[in-house]
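Note that the structure is predicted; figures quoted are calculated from it, not measured.
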Amino acid sequence: MSDPGQQTPPQAAPPADPSGVGSPPGSEAAAEPIEIQQAPFNLLSDDQDERPESESLTPARRRTRTIVLSSLLAVGVAGIGLLGWFSWQINSQRNVVLNPPARVGDLTLDTSENAHETADYLQTALSAEVDLDKTVGAVYTGGAEKDVLFFGGTTVLWSPEKDLETSFELISDEQGAVTGLHDVDAGSLGGTMKCGTTKTESGDLSVCGWADHGSLALAMFPNRPESEAAPLMRQLREAIQTRD
């Protein structure tokens, strides 16, 4: 039995419900609704978001990007320069005329029927190997049975050296093709010039040829070593080839 004179301690108020579920309608303890942003969260601070791209890169990355861009620019400039040089080469060499004169040094143009037939045969054989717009052929006579058989043609050649090597394949017989083919001085007209040797029944036969972006020609030199054939080929070219 309690003592009437003793006061009852006040009861503690129940804890507030944070969710507001247990609160009566209209109670001030009701929770506010959670607002969710419609836009994506920005993981960068405002300062970082407004910073220019160049400032956000580290010094090492900026140097790397500069090197890469400089290299690409150098490659592009080199490519344009190479293309320009190649175009100049073609334009300066494309308009060619081949006209065998009556005499070239100690050589005299053979105008006999047999020489004409030989020249025609050589022109036809060359046209079968290389697509040419116009072909010429000539047989020159020299002392001590040192004749020269010349044949060539004109057209625009994109790969002169490759076409020249292909044309040497037509000079072959049962003994074999041209061997020891190598570069020699092409002279003032430029382009490429090569010489080699092929086997015949009477012995080794020196063969030389030139090619540029407008012409291609071959010559056979019976009874002449290459030391005589190469300079004579340059002499023939300077006498036969002209450019517009």
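Residue pairs meeting the ring pair (Phe, Tyr, Trp, His ring centres under 6.0 Å) criterion with at least one member in residues 116-150, sequence neighbours excluded: F150-W210.
For T179 (side chain) and T197 (main-chain N/O), a donor-acceptor pair under 3.5 Å exists by modelled atom type. Looking only at distances, no side-chain donor or acceptor of H213 sits under 3.5 Å from a matching main-chain atom of V156. Between the side chain of R224 and the backbone N or O of K146, at least one donor-acceptor pair lies under 3.5 Å. Between the side chain of D204 and the backbone N or O of K199, no donor-acceptor pair lies under 3.5 Å. A side-chain donor-acceptor contact under 3.5 Å links N223 to the backbone of E145. No donor-acceptor distance shorter than 3.5 angstrom exists from the side chain of T108 to the backbone of T141, with no hydrogens or angles considered. The main-chain N or O of A217 is never found under 3.5 Å from a side-chain atom of R237 such that the two would form a donor-acceptor pair. With hydrogens and angles ignored, the 3.5 Å screen pairs no side-chain donor or acceptor of H182 with any backbone N or O of K194.
Here the shortest heavy-atom pairing between A229 and S206 reads CB-CB, 3.8 Å.
Annotation: side chain of T135 is not in contact with side chain of F151 (no heavy-atom distance under 4.5 Å).
In this structure, CD on E161 lies 7.5 Å from CG on L164, to the nearest 0.5 angstrom. Atom CG of D183 and atom OG1 of T192 lie 5.0 Å apart (nearest 0.5 Å).
Side-chain atoms of T166 and D163 form no donor-acceptor pair, as typed in the model, at a separation below 3.5 Å. D110 and S112 form a side-chain donor-acceptor contact under 3.5 Å, judged by distance and modelled atom types alone.
The side-chain contact (heavy atoms from CB on, under 4.5 Å) test with Q241 is passed by exactly one of N99, T154, D212: D212.
Sparse packing is recorded around CG of D106, with 12 or fewer heavy atoms of other residues, nucleotides or ligands lying under 6.0 Å away.
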